[in-house]
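Just so it is clear: chains get the letters A, B, ... in the order the sequence lines come, proteins before strands, and each one is counted from 1. This is a predicted model, so every value here is computed, not measured.
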There are 2 protein chains.
Amino acid sequence: MKTKRSGRLVDMTYYMIQHPHELIPLTYFAERYKSAKSSISEDLGIIKQSLEEQGVGTLITVAGAAGGVKYIPRLSKEEASSFVNELCERFIKPDRLLPGGYLYLTDLLGNPKLVQQIGLMFASIFANRKIDVVMTVATKGIPLAYAVANFLQVPVVIVRRDSKVTEGSTVSINYVTGSSKRIQTMVLARRSLEVGSNVLIIDDFMKAGGTINGMISLLDEFNAKVAGIGVLVESEDIEERLVDEYYSLVRLSDVNVRDKSIEVIPGNYLNHYDQMTIIEGELEDENYPNE
Amino acid sequence: MKTKRSGRLVDMTYYMIQHPHELIPLTYFAERYKSAKSSISEDLGIIKQSLEEQGVGTLITVAGAAGGVKYIPRLSKEEASSFVNELCERFIKPDRLLPGGYLYLTDLLGNPKLVQQIGLMFASIFANRKIDVVMTVATKGIPLAYAVANFLQVPVVIVRRDSKVTEGSTVSINYVTGSSKRIQTMVLARRSLEVGSNVLIIDDFMKAGGTINGMISLLDEFNAKVAGIGVLVESEDIEERLVDEYYSLVRLSDVNVRDKSIEVIPGNYLNHYDQMTIIEGELEDENYPNE
């Protein structure tokens, strides 16, 4: 039975949101609703316009026999700015300060709505990169990594501090933490990452970047490449950052344990918003003869 | 400017999916689209019908001044059965078997689409319970707990094996593992769980239930109550299960390390599907004079 436009729009919106970054052939919808492709195209136009007006993403149409439509979750600069501001406000609660100047983030990282939004932020900014897998280190980064991976529809791999019997054979490396210069171990199940993968690294907190640098060394063991790095918070006043290119949502600018005060500023995420458009343009124009 | 029905349907579908289990006043939509409440009601009828036809949930309308509409993600028995069968098929790959009879599940738990679907399964079956928070133990259960919590829109708390400086003061208990009778420790940040909470426990694997029993003891320390228990896999042939009421998606029926064979059957999730309707009816009819 043919489906009416109103029912189709609801069903297609639900379906597209459940399948981000996945190319859906128009024939899939045409058969699902027993409708002409021209009607489906019109529906997709309405969905695209609505998503773009809300600033939460877009639909990309790929022409040709192997073509179809793809939902790309992508926040507008306005939506991203307002979320970064909201995050900054949540950070400055004085009772976040723990002995030793550590920050209590468990409430933020335990809030699924916030975690989803953080995931959408990183999925937005890395939407144009070739990413095969999202990597993080146990345990605080795990929910963030899954949220990003869910929007990019790629698997997650989790690096651990110690090997587990339920992971099979593992690869381990030693690395030096950036701030306290201690030697630590990192372990990854051999089966969990394919050789040559393009890896997006996501973590909750970056000080000098030792942990992330450790993950990069681990990637070398798998001949894998860093496709991008995203952290929720970066700390202030680091003399020598071990990591070059990364995006952060929030940056600690001043933590005073004695006065129990925390000052934060937006991270570099928003600064890079304009540059992203340029990179995007380049990606679309350029040819990659070697691929 | 007034919004046309087609645009409204897309926008409302997106909004409802982003806000499960949240009561949205009809006036919110009426103002957002500058439309009459009667039109909004008609739109919601179309969305409700479409969600129900797909077997992925429903909309519940609450009448009165404090009323509104709520999206309840809930899988139909057909959708749930077909997913349990898919899971069972994924489990029986012989290369899952690790030395000692352990199972490699990292590929399943690293797949965000599967994890989301598992989350939807548990959010469906516990949709009618009063749940304030989802609890799991680090690290394998974390993605599952977030997926469930995201559909129920409640926070996640993570129990650990050791205390972390970034968690502040903690409560710890000792418990005995059910199968190997070893004594282990479990730790929860004091701030992360409010006294008297109703807690849904989610984990990836249950043998005799020692770990889950440990979490229940920990809940006692917070005067919190178990609102439900859900596990992805339960193992076979346990003489004495330490946990009474739980739902499992998959049950190992035979693991033979020598022959490298794994046999699984659906867990008790589907058996309880019919009973759930009865419980639901009771909940709606009964009065709770003490609440």
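- The part of B:Glu22 that comes within reach of chain A is its side chain, from C-beta onward, which places non-hydrogen atoms under 4.5 angstrom from that chain.
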Between A:Lys113 and B:His19, is the side-chain contact (heavy atoms from CB on, under 4.5 Å) condition met? List the steps. CA-CA 9 Å; A:Lys113 209 176 248 177; B:His19 298 82; 3.6 Å; yes
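- Counting heavy atoms of neighbouring residues, nucleotides and ligands inside a 6.0 Å radius, atom CD of B:Gln184 exceeds 12 of them.
- One distance of note links OH of B:Tyr104 with OG of A:Ser169; it measures 9.0 Å at 0.5 Å rounding.
- When every heavy atom of B:Tyr14 is checked against every heavy atom of A:Val56, the shortest pair comes out as OH-CB, 3.4 Å.
- Taking CD from A:Glu53 and CG from B:Asp11, the interatomic distance works out to 8.5 Å, rounded to the nearest 0.5 Å.
- Heavy-atom contacts from other residues, nucleotides or ligands closer than 6.0 Å to CD of B:Glu194 number 12 or fewer.
- Taken to the nearest 0.5 Å, the CD atom of A:Gln116 stands 8.5 Å off from the CD atom of B:Gln153.
- Interface remark: of the candidates B:Asn111, B:Asp95, B:Leu152, B:Asp95 forms the most heavy-atom pairs closer than 4.5 Å to chain A.
- Taking the side chain as every heavy atom from C-beta outward, A:Thr139 and B:Ile158 never approach each other to under 4.5 Å.
- The environment of NZ in A:Lys48 is crowded: more than 12 heavy-atom neighbours from other residues, nucleotides or ligands sit within 6.0 Å.
- No other option in A:Ala138, A:Gly168, A:Gly7, A:Pro143 has as many heavy-atom pairs under 4.5 Å with chain B as A:Pro143.
- In this structure, the portion of B:Gln54 lying under 4.5 Å from any heavy atom of chain A is its side chain and not its backbone.
- Both the backbone and the side chain of B:Ala149 come within less than 4.5 Å of a heavy atom in chain A.
- With a 4.5 Å cut-off on non-hydrogen atoms, B:Thr106 touches chain A through its side chain but not through its backbone.
- Neither the backbone nor the side chain of A:Leu114 comes within contact range of chain B; no heavy atoms are under 4.5 Å apart.
- When each of A:Val10, A:Leu9, A:Leu105 is scored by its heavy-atom pairs under 4.5 Å with chain B, the top score falls to A:Val10.
- With a 4.5 angstrom heavy-atom cutoff, A:Val115 touches chain B only via side-chain atoms.
- Environment of NZ in A:Lys140: crowded, with over 12 heavy atoms of neighbouring residues, nucleotides or ligands closer than 6.0 Å.
- The greatest number of non-hydrogen atom pairs below 4.5 Å with chain A, out of B:Val156, B:Asn150, B:Val154, is found for B:Asn150.
- Both the backbone and the side chain of B:Arg191 come within contact range of chain A, each with at least one heavy atom under 4.5 Å from a heavy atom of that chain.
- Contact of B:Asp107 with chain A is not made at all, since no heavy-atom distance falls under 4.5 Å.
- Counting heavy-atom pairs closer than 4.5 Å to chain A, the top residue among B:Met12, B:Arg160, B:Gln49 is B:Arg160.
- Heavy atoms of B:Ile47 lying under 4.5 Å from chain A belong to its backbone as well as its side chain.
- Heavy atoms of B:Val133 lying under 4.5 Å from chain A are absent altogether.
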